[in-house]
**Student:** 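There's a structure below that I have some questions on.
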Amino acid sequence: MAWMFMRDSAWKYLQSAHRGGDRNYSHYTSRDFSSQFGLEDFLCTDDIPGTDEDTDSAVLFGTLRGNVVGLRYYTGVVNNNEMVALQREPNNRYDKNAVKVNNVNGNQVGHIKKELAVPLAYIMDNKLAIVEGVVPYGAKNAFTMPVQMSFWGKEENKQAVLDKLKMHGFKLAPSKSSEFAFGSSWVSGRAGPSYSAPGHAAVQMTTEQLKSEFDKLFEDVKEDDKTHEMEGAEAVGTPLLPHQKQALAWMVSRENSKELPLFWEEKNNFYYNTLTNFAEKDRPETVLGGILADDMGLGKTLATIALILTNFHDGKPLPVEKIKSDQLHKESVTGVKNEGHELLKETSCNVEPNISNVKKKSEIIQSQYSSSRPKRAKAEKPKYTVCSDSEESEEWLPQQTRTKCEKNLPVTRKRSKTAACIIQEDTGFVSALASPSAPLKKKAKKKGTGSVQSVKKNDSEESPRTTLIICPLSVLSIWIDQFEQHIRPDIHVNIYVYYGPDRSKDPAFLSKQDIVLTTYNILASDYGSRGDSLLHRIKWLRVVLDEGHTIRNPNAQQTKAALNLEAQRRWILTGTPIQNSLKDLWSLLSFLKLKPFTDREWWHRTIQRPVMLGEQGALRRLQALIKNITLRRTKTSKIKGKPVLELPERKVFIQHVTLTEEERKIYQSVKNEGKAAISRYFNEGTVLAHYADVLGVLLRLRQLCCHPHLCTNTSSSSCQIGESTPEELHEKLVNKMKLVLSSGSDEECAICLDSLNLPVITHCAHVFCKPCICEVIQSEQPNAKCPLCRNELRVEHLVECPPEESDSSIEKKGDQEWISSSKINALMHALIDLRKQNPAVKCLIVSQFTTFLSLIETPLKESGFVFTRLNGSMAQKKRVQAIQSFQDSQTGSPTIMLLSLKAGGVGLNLTAASRVFLMDPAWNPAAEDQCFDRCHRLGQKQDVVITKFIVKNSVEENMLKIQNKKRELAAGAFAAKKLTVSEVKQTKINEIKTLIDL
DNA sequence: ACCGCCGGGTGCC
DNA sequence: ACCGCCGGGTGCC
């Protein structure tokens, strides 16, 4: 989703579209070893080769007129100019070459005539082309209808397609964009978009134009008419900011909307889809939801909570119970801190941070809940009769008589054999029909006359009550925290965290909750393990996908699981702009149940491909679509001229630190040794082959800038080459890399240039994000090469490495006598100064090296500072405690938090701090910024002052140079440009030179 | 007539 | 299908 909100989105989009064409998945058979390594998520082994990526680079081979036959046997009907789908039916018992023709709704219309089906089957089965159909004149045909087919594929397959067709006496007409416009007005003159094939320079846009179009698209989504504001319900405990009131108003209006979805029109009692020209009598479901794509920090979570509390049914607030005023909020907080179940029972605390232990409380919630449950009148069940096997049945509906049916005219057929249909008793309206070939599926299980329980969905069921929220595990605690914060403490809302091994197995219990919170992993594993996944048996009032771009991969299990949830209202929250491309949008739209995009073919034919081909109209359609379902504000968006978020200032100071003579001596000797080794590698041209060694040297230098004790665990002498076997060498290098990673250093991935995400070490001892390197392996298979050294890459050689340091090394320091360092002195000096000025001010002390944070603890204690600590490795419970105690404003609460750079997800809120001391620079300036944003965010009242300690004449200064270069690059037009292999290598080499002063 | 022609039955894959 | 095709009935003009 978020691609379109990035300045560089068009560029990235083009990149990924272009790269797609070179991929080849067809030899991929790695399920066995990939499961061993837990790589399934990234390799998408269940992907069908050549289905998605290849369509991006498809060209139009030509068109062919054919015939659809057997219309009378199927229920699917087609309009003039309507798009149809051609689908192979290899198990057809009359003809293995059978090709089905389905309408947009997926109802079969007929078959391709058998002579044509022969070459078509060959072409489709061998994936030589994608064959698409448009029925130019389909409305009144009773037995056959023409179909205009277009063949799309890779250029290299064109000849094979032409030959095969020719063999059977068919010839493709070359498409001229003027005359060939599928789904357009060339036959009937009916209004509709034109999907001209490319071919004329006048139609196709240049890359530059396309890029600027995308920028506009992005701008226009922001500029909107979604300015109506709405107050939250009483139960919302936090006053909403203007832009949050707008979000609430927009979300509520989306949920209560009765408008037709975009691209649908009502005409003559029919609903037309203007993209596909599909029409049906049933009103297409209004999309009750959308995409909330606000920037991080604008309060998507709060807006969602407000929505849940404010808009239950019919615009009324969620019915909630008020709790007596003597059991109030303070208590609940204490309850959480002490994990006291007794306390929890008594108080209003709805959520327990200890997520695995929610059972007891839930029972209480359950009993309290039933009293406030809204009653709902049961809807009258329509009565139906099922007829079958009836010779005299006059209600058998022949094909192509949709019109007759809708006009309620009696339709007769002479020779009814074993037809079945359903007649609504009161009106006589025929609501379903079937034939031997198309048996009634859901509707009539029993033959004979009787009452069918429910033909319309949901009629016999209670209105759903529950909102299901799905989020990544990393933000689960944030949601829990936000419920605490934003639901008024005297309001009782039933919230159940569906997580952990003891999670409820009772659907009735879940559907009695107001909110069920779970993670994508639970969703996916439940769905995968058994067909009757609990979450999929419940009809939800609302499903909210937090960090919704998580489902961008249509083949991922979590995506499939999310798409199959049943809900009335659907929301996607996504904030962090992500590297993304147009085709990633599909699963989001499909999740929203936006017809006809739920089926990828229609998305691809009506939007994705036309946009890819640079068709202006398509881009406008896409823009309209996005605008229709998305609310997007950035941190710089304005409401009535005022910025949405008026954050206090953020100032960054660099404080230079001079090493003591002794420290300098150690530093210099390590540097000289390392520099000698690295220049030797340069001379030999083996820098990148010794990458682990180089990183090791740099790491040691960075550690020495902080404290001499930090690098004692790394072997100081670099390995003597020449003596070891290649295997030993490799093992040594991998171990070195492991050591670098386990130090806590925020290393970066040479592919995405971002901080490592799930680091893996290659056989050649280079480190990348698992997803990044898997993508490389996948796209270059079977002979993938390391982007840094071009050595062979094998998935089975990848070594996973937990980035989280083991805290054992910290304990080891216990027997070493504590000494200070220049940096610690500088820090303590600053802290004591600050305390003199204002004893209440709170600070974050940030380092990549947790060992360093441990060393800092000693002087903090000695100087009487109250502090707390947050590591990435801390258990959920301890984290929550650490955060809560730090955020507490009472005197005596900690004024300092020791924070490891990467601790906590983006949602971590440490606004109590207004000072940050960054003890060591990170490779990646974005990682630093993200860390600063943990206190410089919504809720921060004071200016934030950041101090970066940088040792003079050291690797740290050189790191700043590199940081600045990266910042410039990121701000430039080609931000996040995908580098080529040689560029990656050159960049790395240049960086190493800069860092070690070569 | 081991044909032609007629008209009824019939009809996807 | 207001078609094609099939196969039975039929047979000078």
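Below, chain A is the first sequence line, B the second, and so on; all start at residue 1.
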**Student:** Take the protein atom CE of M145(A) and the nucleotide atom P of dA1(C), then report the distance between them rounded to whole Å.
**Tutor:**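 Atom CE in M145(A) sits about 14 Å away from atom P in dA1(C).
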**Student:** Please determine whether any donor N or O and acceptor N or O are separated by less than 3.5 Å between the side chain of Y74(A) and the base of dC12(B).
**Tutor:**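 Yes, the side chain and the base share a sub-3.5 Å donor-acceptor pair.
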**Student:** Output the rounded distance in Å from CG (N141(A)) to P (dC3(C)).
**Tutor:**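 Atom-to-atom, N141(A) to dC3(C), this comes out as 16 Å.
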**Student:** Is the base of dC13(B) touched by the side chain of D95(A) through a donor-acceptor pair closer than 3.5 angstrom?
**Tutor:**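 There is none.
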**Student:** Round to the nearest Å and state the distance from E89(A) atom CD to dC13(B) atom P.
**Tutor:**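 Interatomic distance, CD of E89(A) to P of dC13(B): 12 Å.
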**Student:** Taking any heavy-atom pair under 4.0 Å as a contact, classify K100(A): base, sugar-phosphate, or nothing.
**Tutor:**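 Nothing: the residue K100(A), judged by heavy atoms under 4.0 Å, touches no strand.
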**Student:** Using a cut-off of 6.0 Å, state whether more than 12 heavy atoms not belonging to K100(A) lie near its atom NZ.
**Tutor:**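 Yes, because the 6.0 Å sphere around NZ of K100(A) holds more than 12 heavy atoms from other groups.
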**Student:** Considering all heavy atoms of both residues, which atom of V84(A) and which atom of V134(A) are nearest to each other, and what is their separation?
**Tutor:**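 Closest approach of V84(A) to V134(A): CG2-N, 4.1 Å.
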**Student:** Rounded to whole angstrom, note down the C1' distance from dC13(C) over to dC2(B).
**Tutor:**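 Looking at atom C1' only, dC13(C) and dC2(B) are 25 Å apart.
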**Student:** Now, which nucleotide makes the Watson-Crick or G-U wobble pair with dC2(B), with each of the two distances under 3.5 Å?
**Tutor:**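 Across all strands, not a single nucleotide pairs with dC2(B).
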**Student:** How many angstroms lie between atom OG1 of T559(A) and atom CG of N555(A), to the nearest 0.5 angstrom?
**Tutor:**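 Those atoms lie 8.0 Å apart.
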**Student:** Heavy atoms from C-beta onward define the side chain here; which of dA1(C), dG11(B), dC13(B) lies closest to that of Y73(A)?
**Tutor:**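 In terms of side-chain proximity for Y73(A), the closest of dA1(C), dG11(B), dC13(B) is dG11(B).
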**Student:** Would you kindly give the CG-to-P distance between L116(A) and dC13(B), to the nearest whole Å?
**Tutor:**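 After rounding, the reported distance stands at 11 Å.
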**Student:** Please determine if K593(A) and E285(A) form a salt bridge, counting it only when a charged side-chain N lies under 4.0 Å from a carboxylate O.
**Tutor:**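 Between E285(A) and K593(A) there is no salt bridge, as every charged N stays at least 4.0 Å from the carboxylate O atoms.
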**Student:** Return the nucleotide paired to dC13(C): Watson-Crick means purine N1 to pyrimidine N3 with N6-O4 or O6-N4, wobble means G-U with N1-O2 and O6-N3, both under 3.5 Å.
**Tutor:**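 Across any shown strand, dC13(C) pairs with none.
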**Student:** For dC5(C) and dA1(C), measure between their C1' atoms and round to the nearest Å.
**Tutor:**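 dC5(C) and dA1(C) have their C1' atoms separated by 12 Å.
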**Student:** Rounded to whole Å, please give me the gap between CG in L86(A) and C1' in dC13(B).
**Tutor:**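 Computing the L86(A):CG to dC13(B):C1' distance gives 14 Å.
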**Student:** Atom CE of M124(A) and atom C1' of dC13(B): how far apart are they, to the nearest Å?
**Tutor:**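 Rounded to whole Å, this separation is 14 Å.
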**Student:** Starting at atom CD of E115(A), determine the distance to atom P of dG4(C), rounded to an integer number of angstrom.
**Tutor:**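 E115(A) atom CD is separated from dG4(C) atom P by 14 Å.
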**Student:** Compute both the distance and the angle, then confirm whether R621(A) meets the cation-pi test with F263(A): under 6.0 Å from the six-membered ring centre, within 45 degrees of the axis.
**Tutor:**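 Pair R621(A)/F263(A) does not count as cation-pi.
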**Student:** Taking only N and O in the side chain of K114(A), is any of them less than 4.0 Å away from OP1 or OP2 of dC13(B)?
**Tutor:**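 K114(A) to dC13(B) OP1/OP2: side-chain N or O found under 4.0 Å.
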**Student:** Ring stacking, F143(A) with base of dA1(C), under 5.5 Å and under 30°?
**Tutor:**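 The ring of F143(A) is stacked on dA1(C).
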**Student:** Rounded to whole angstrom units, what separation is found between the CZ atom of R72(A) and the P atom of dG11(B)?
**Tutor:**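 About 7 Å, once rounded to whole Å.
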